[in-house]
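In what follows, a single structure is set out as structure tokens and then discussed.
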Number of protein chains: 2
Amino acid sequence: MIARRGVRGLRVGELAAEAGVSTSLIYYHFTDRAGILRRTLEFISDRADRYTAERDPGQGLGPDPVDPRTELAQVLLLELQDTPEVRENSTAWGELRASAVFDADLREDVAKATHTWVHEIADLLAHARPTGTAPAHAAAAERLTALLEGLSVRWLSGSLPLEHARALLADAIEAELDHA
Amino acid sequence: MIARRGVRGLRVGELAAEAGVSTSLIYYHFTDRAGILRRTLEFISDRADRYTAERDPGQGLGPDPVDPRTELAQVLLLELQDTPEVRENSTAWGELRASAVFDADLREDVAKATHTWVHEIADLLAHARPTGTAPAHAAAAERLTALLEGLSVRWLSGSLPLEHARALLADAIEAELDHA
DNA sequence: GTCTATAATACGATAGAC
DNA sequence: GTCTATCGTATTATAGAC
């Protein structure tokens, strides 16, 4: 519902109706409106981890059969796709990030999820570019993920076609890999 | 008020109280809540143009006394500053962008403002890097401005210290300039 | 242009039964 | 765990006087 209507547009009553339960049952399980946001953040973080891990499910023979550079590009470009699950995750993530600007309760969890994500990308960079230093990998990961977030919200807000966003990100990944 | 409380947190009554007028006078001038958002977008676009033009007010002797590369970096880094005006503009811009995801009325105006901004940066890039092609400048401008938006919301949501954001952007600008 | 007053309803949250 | 019923208030928007 957050992905469809935004955090702004989330109505506890509507959420209950969509789930086919009463409003008070939502409060029983989530305590209050802020609880819904917290649990949504957990949900989309877990789901993003899951579909990142499950990408390319057709192989599975032998360890790490994919070129590390390709793997990095796949993982990042995965977030710029017009499938229901990815679009939903990206939209909700953008909403929670934007809400965190005004919601101190959310800030800490959003920062933590960001940190985890940046770290994952930095690890992939370290495999793709073994000569670089750890701080250089961390900085590149921060640039690439921040760029991805910027492109994502432009896509979702209708300022940038999806394919164009993907091309821009792909070029940035390549540039980071060829740099150091 | 949008910068302080967010679009979510904007209350027409509060806005009126802050202005020292009645609620209905707000409706007289802005028609409805959406009108406030539209006019805010105009306001921050105009103001961003203004402070971009007025940056570096100390000189004014001779045409274009600043190195084009320095000028590009100045214009972009200007948006990552903890001054009241810039923080207000960045926060409001982020809010309007995020709102546009769910608000079709806002989408067109946000896309237009984005396009104008990207074009300005592309022009600066053309001066700083005369050998590149126009499409390459446009793409670099899109990457840099999208990165800036991504870094900005991370800063404002407490996921990234301001100085760190500035350093990441500065490095990206340098990389784009050294690339083509 | 500006106000007071208020309609109309939406919304978060709780009480209390089962 | 789940429901019905409802409280209390916040909020957008309008009517109508000046």
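Computed over heavy atoms, backbone and side chain alike; hydrogens, waters and symmetry mates excluded. The chains referred to below are lettered A, B, ... by the order of the sequence lines, with proteins before strands, and numbering in each begins at 1.
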Check: Under the salt bridge (charged side-chain N to carboxylate O under 4.0 Å, His left out) test, which residues partner Arg5(A), sequence neighbours left out?
Finding: Glu14(A)
Next item on the list: Identify, with sequence neighbours excluded, every residue that meets salt bridge (charged side-chain N to carboxylate O under 4.0 Å, His left out) alongside Glu142(A).
Entry: none
Can you list every pair that meets salt bridge (Lys or Arg N to Asp or Glu O under 4.0 Å) and has a residue in [range], with sequence neighbours left out?
range                       : value
residues 143-171 of chain B : Arg143(A)-Asp171(B), Glu149(A)-Arg154(B), Arg154(A)-Glu149(B), Asp171(A)-Arg143(B), Arg97(B)-Glu149(B), Arg143(B)-Glu176(B)
residues 112-121 of chain B : none
residues 16-29 of chain B   : Arg4(B)-Glu18(B)

Notebook entry, point to check: Taking DNA chain D as the partner, which of residues 8-19 of chain B come within under 4.0 angstrom of it by heavy atom?
Noted result: Leu10(B), Arg11(B), Val12(B)
Check: Among residues 30-38 of chain B, which residues get a heavy atom nearer than 4.0 Å to DNA chain D?
Finding: Asp32(B), Arg33(B)
Item checked: Pairing residues for Asn89(B) by the side-chain hydrogen bond (donor to acceptor under 3.5 Å, both in side chains) criterion, not counting sequence neighbours -> Arg47(B)
Next item on the list: For Arg87(A), check side-chain hydrogen bond (donor to acceptor under 3.5 Å, both in side chains) against everything at least two apart and list the hits.
Entry: Asp82(A)
Notebook entry, point to check: Which side chain to side chain donor-acceptor pair (under 3.5 Å) pairs, counting each pair once, include a residue from residues 21-42 of chain A, with sequence neighbours left out?
Noted result: Ser22(A)-Ser24(A)
Heavy-atom check, side chain of [X] versus side chain of [Y], under 4.5 Å:
X        : Y         : answer
Glu79(A) : Ser152(A) : no
Leu78(B) : Gln74(B)  : no
Phe43(B) : Ile2(B)   : no

Note to self: Looking at Thr70(B) and Val66(B), would you say the former's side chain and the latter's main chain have a donor-acceptor pair under 3.5 Å?
What the structure shows: no
Check: chain A on DNA chain D: first and last contacting nucleotide, 5' to 3', under 4.0 Å to a heavy atom?
Finding: dG1(D) to dT4(D)
Notebook entry, point to check: Taking DNA chain C as the partner, which of residues 96-106 of chain B come within under 4.0 angstrom of it by heavy atom?
Noted result: none
Item checked: Length of the OH-P vector between Tyr27(A) and dC11(C), whole Å -> 11 Å
